[in-house]
Amino acid sequence: MNVEAPLNLIAELTYRCPLQCPYCSNPLAFRERREALTAEDWGRVFEQASRLGVVHVGLTGGEPSTRTDLEEILEFAVAADLYPHLVTAGVPLDPERLRGLAARGLRSVQVSFQDAGAAGSDRIAGTRSFEQKLRISESTKALDLALTINCVLHRENLESVGEIIRLAEELGADRLELANTQYHGWALENRAALMPTREQLANASAVVRAAKARQSENGGGPKMLFVLPDYFSDRPKPCMGGWGKLAMVVDPTGRVLPCHEAGEIPGLEFWNVKERSVEDCWVSAPGMNAYRGTDWMPDPCRSCPEKEIDFGGCRCQAFRLLGDEGLTDPACALSPHHSEITNAREIRTDGFVPRR
Amino acid sequence: MTSDPKERLALPRHAALKHRHHGSVLVLPEHAIRLAGSGAEILALCDGERDRRAVHEALAARYPDTDELAVEVDRFLTEMIEMGGLEAVSPGTAAAVSEPK
């Protein structure tokens with residue numbers, strides 16, 4: 001098989017995070033996992049990934065600033081000629097430390113907010129963190145780094161979308177990701193508590209459209225991303241832009257994965273950068289090749305004209321909901337199992353369980 | 001919005017051009033765009049001083065006898081602007097702000 005060079009490395013430096021968001025993408029059993037990579041190990045990964053073709057690295061987690069050697073890790077990324085982007089919850093990072101990271105070559109920061117105001121954001125995060133997020137965002141701008149604000153959307157904050165947009169505008173963000181919850185990991189556990197209504201989504205969508213219209217009249221403002229969740233759009237997402245195609249995830253244990261959740265699928269063999277080269281792990285691991293391209297597809301994907309657009313959707317979602325990651329993502333209306341989605345989107349309960 | 005030939009062209013502030021064995025890539029904070037052919041060379045000419053015509057002239061000086069490429073270069077520039085990989089600064093915008101008469 002002809003394997004493309006990846007462009008983007010998602011470096012999950014740790015599972016640790018002071019927040020307890022109910023949609024956390026950490027694996028449910030993350031406390032049983034050992035973080036295995038030292039800063040030097042990450043340096044080797046960056047260098048090999050760059051040679052393989054990677055140009056951009058997202059330093060993420062968990063919360064990357066829980067690592068006391070983040071500075072050293074960043075220096076390795078810069079030395080490997082990767083464009084370094086930090087994905088942070090804003091804590092325990094502080095402005096002084098951020099200044100040091102900028103001096104070492106950090107280019108861009110994504111700060112997550114959980115809602116537009118302190119009360120909502122801190123409640124969803126399970127930790128007082130909103131004020132600190134504001135400070136980190138302001139420092140990011142003051143240091144002339146690119147600022148992305150990210151807010152995961154669900155039933156409890158979808159109605160704040162207008163205020164979230166205003167917050168991003170006030171902070172001078174370059175980009176605002178209004179990211180509807182994807183139901184993996186803890187989010188799947190909390191699915192009924194997070195599930196929005198169609199009306200909420202339609203209203204939020206209209207608010208975003210109006211804000212974009214306002215922007216194009218006045219000029220400027222953050223570039224906004226809002227995509228209807230796959231549960232409500234009848235077509236699956238082109239997950240990761242294709243399995244093992246554009247983006248490479250290295251998890252805190254050192255495994256090379258096609259996405260942050262694929263390592264949870266039993267029976268798929270992924271390889272570890274502690275034992276093999278990054279190129280080997282990317283090109284030759286059986287798990288990486290299991291769902292590359294389109295040859296693996298069953299119908300309805302196999303004969304679908306959109307198979308190169310959505311790549312059959314998300315393998316992890318097919319595994320979680322159907323027990324077989326080789327099936328068409330049930331988010332697709334053409335899937336014979338689409339009722340798994342249409343039923344779930346009608347079930348709502350109150351009160352989510354924080355990530356433990 | 002992208003047709004004004006007097007617009008000066010520049011890479012977005014937080015963009016970077018990277019070169020790898022598989023080709024060149026324009027890297028943005030959360031996005032990377034593979035550049036085919038001479039894309040990187042064209043973008044490198046977009047230095048905030050040149051407008052479209054100056055970009056064409058610079059290319060013509062390097063590659064004489066390639067008049068027919070102008071259309072393709074134009075299309076590439078427009079596409080990059082639409083994808084957020086290139087910014088077009090209208091002449092006079094800054095002046096209009098600093099000299100309101």
Side-chain angles (χ1 to χ4, degrees), chain A residues 2-10 49-60 77-78 80-87 102 105-111 140-141 143-150 172-177 179 216-217 219-220 222-225 241 245-248 279, chain B residues 1-4 6-44 46-48 76 78-100:
Chain A
N2 184 22
V3 177
E4 274 181 66
L7 295 181
N8 176 235
L9 168 63
I10 297 163
S50 181
R51 240 186 299 141
L52 182 59
V54 169
V55 292
H56 178 281
V57 60
L59 302 169
T60 181
V78 173
D81 189 34
L82 299 179
Y83 184 110
H85 170 68
L86 181 70
V87 180
L106 186 66
R107 298 290 303 266
S108 162
V109 182
Q110 179 187 114
V111 183
T140 298
K141 288 302 289 184
L143 292 163
D144 197 28
L145 306 177
L147 173 65
T148 296
I149 300 294
N150 174 290
D174 300 286
R175 209 175 122 102
L176 170 61
E177 291 183 359
S216 68
E217 257 174 53
K223 183 176 161 55
M224 286 182 279
L225 275 93
K245 191 173 162 73
L246 293 173
M248 168 196 293
E279 179 173 4
Chain B
M1 97 189 190
T2 56
S3 57
D4 183 350
K6 295 231 171 58
E7 286 171 335
R8 290 185 308 258
L9 300 172
L11 293 186
R13 219 151 42 93
H14 300 292
L17 277 171
K18 302 271 183 201
H19 308 284
R20 293 293 186 267
H21 66 87
H22 55 74
S24 298
V25 185
L26 178 66
V27 194
L28 300 166
E30 309 232 18
H31 190 48
I33 304 170
R34 278 187 218 270
L35 299 169
S38 45
E41 190 179 353
I42 299 171
L43 285 184
C46 300
D47 55 1
F76 170 76
T78 301
E79 219 176 81
M80 291 304 293
I81 291 168
E82 283 166 3
M83 291 169 82
L86 197 58
E87 284 176 357
V89 189
S90 291
T93 311
V97 173
S98 58
E99 300 168 3

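Below, chain A is the first sequence line, B the second, and so on; all start at residue 1. Below, all heavy atoms of this structure are taken into account, side chains as well, without hydrogens, waters or symmetry copies. Just so we're clear, the structure is a prediction, and the values are computed from it rather than from any experiment.
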Step by step, would you call A:D144 with B:H14 a side chain to side chain contact (heavy atoms under 4.5 Å, CB included)? CA-CA 9 Å; A:D144 197 28; B:H14 300 292; 4.1 Å; yes
Nearest heavy-atom contact between B:A15 and A:R107 is O-NH2, 3.4 Å
Under 4.5 Å between any side-chain heavy atoms of A:L7 and B:H22, yes or no? yes
Between A:D81 and chain B, with a heavy-atom cut-off of 4.5 Å, which part of the residue counts as in contact: side chain, backbone, both or neither? both
Need one label for A:V54: side chain, backbone, both or neither, based on atoms under 4.5 Å from any heavy atom in chain B. backbone
Please rank A:K223, A:H56, A:E177, A:E4 by heavy-atom pairs under 4.5 Å with chain B and give me the top one. A:H56
Using non-hydrogen atoms only, which part of A:L246 is less than 4.5 Å away from chain B: side chain, backbone, both, or neither? side chain
What residues of residues 29-39 of chain B make heavy-atom contacts with chain A at a cutoff under 4.5 angstrom? B:P29, B:E30, B:A32, B:R34
Would you find a donor on one side and an acceptor on the other, under 3.5 Å apart, between the side chain of B:R20 and the backbone of A:L52? no
With a 4.5 angstrom heavy-atom cut-off, is it the side chain or the backbone of A:R175 that approaches chain B, or both, or neither? side chain
I'd like to verify something: which residue of A:L145, A:V55, A:D174, A:N8 has the highest number of heavy-atom pairs under 4.5 Å with chain B? A:V55
Side chain, backbone, both or neither: which part of B:V27 has an atom under 4.5 Å from a heavy atom of chain A? both
